[in-house]
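Read the structure below first, then the notes.
All of these numbers come straight from a predicted model, not from anything done at the bench.
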Amino acid sequence: VACLLAGSCTSRAETPERSYTIRLARNTSNQLANAFKRLPNVKPQIVSEGGSSITSLIELQSGKTDISIPVGDVAYLAYAGQLDEMPKPFEQLRGLAVTELNTIHLLIAPRAHAKSLKELAGLHVSLGAPGSSVALVTDRMLHAHGIDSNEVRAEKVPNADMLKRLMSGDIDAAFAMYMPGSQTVTAALKGGARL
């Protein structure tokens, strides 16, 4: 009892809370804004504007940023050394968590006649925006289905131009990565495109 009383009477000096700074790109900071509000000891420091999954992984690998939110497929390819632009493994990647699910959509133009991936042969197809993760994943997906990218008239169309070109028939089909319920996909479907 004496030991318990002696222990309870002594007060411990409270240690001041440490604060941490996390370096990240602006787009990652925007995606994690709510999480940072719940972590008062963590302060985000914007060190770049960000960009594609590949850009964010390059910044992470070089030590410019501490955290990023790339597409999981691209993170795996980078870690395994299978990115065409960067064949060395990204050995500095450590933690991986699924924060949200993304969907690759294949949009077929209103006047194009394709009902399967195999029927894309000979058509003018956007594989995604230049330098985007969707372009990287789409190329591999076509190969996995036995379609060589030479069998389609492939082009990498910027996201800003994709919908207009699809609706006008300038391209026959487009691969695009959006969250389900995307305004772009909804607008394409209302304009007569098919998933």
Does any N or O in the side chain of [X] come within less than 3.5 Å of the main-chain N or O of [Y], such that one atom is a donor and the other an acceptor?
X	Y	answer
S56	S53	yes
Q45	T21	no
S132	G128	no

With a 4.5 Å cut-off on side-chain heavy atoms, are [Y] and [X] touching?
X	Y	answer
Y79	V74	no
D148	L142	no
V152	L123	no
L136	D73	no
P158	P130	yes
F90	I58	yes

Using the rule that two of Ile, Leu, Val, Met, Phe, Trp, Tyr join whenever any of their side-chain heavy atoms come within less than 4.5 Å, decide whether [X] and [Y] are in one cluster.
X	Y	answer
L127	L106	yes
L32	I46	no
V71	I69	no

Pairs in or reaching into [range]: which pass salt bridge (Lys or Arg N to Asp or Glu O under 4.0 Å), with residues at least two apart or in two chains?
range	result
residues 163-175	R153-D172, E155-R165, R165-D170
residues 115-127	none
residues 39-64	R26-E49

Over all atoms of both residues, closest heavy-atom pair of [X] and [Y]:
X	Y	answer
A193	P110	N-CG, 3.8 Å
A176	V134	C-CG2, 4.1 Å
M177	I104	CE-CG1, 3.6 Å
N27	G50	OD1-CA, 3.6 Å
L60	S68	CD2-OG, 3.6 Å
L83	A78	CD1-CB, 3.7 Å

I'd like to check the side-chain contact (heavy atoms from CB on, under 4.5 Å) partners of P44; sequence neighbours left out, ordered by chain and number. L24, S29, F36
When Ile, Leu, Val, Met, Phe, Trp and Tyr are grouped by side-chain heavy atoms lying under 4.5 Å apart, directly or through other members, which residues fall in the same group as V185? L107, V157, M162, L163, L166, M167, I171, Y178, L189, L195
Surrounding NE2 of H145 (heavy atoms of other residues, nucleotides or ligands, distance under 6.0 Å), is the total greater than 12? no
Hits for salt bridge (Lys or Arg N to Asp or Glu O under 4.0 Å) against D66, two or more places apart or cross-chain, chain-then-number order -> R23
Test side-chain contact (heavy atoms from CB on, under 4.5 Å) on L57 and L93; report intermediate values, then the result. CA-CA 8 Å; L57 288 167; L93 304 182; 3.9 Å; yes
Nearest 0.5 Å, please: how far is CD1 in I54 from CG in L77? 9.0 Å
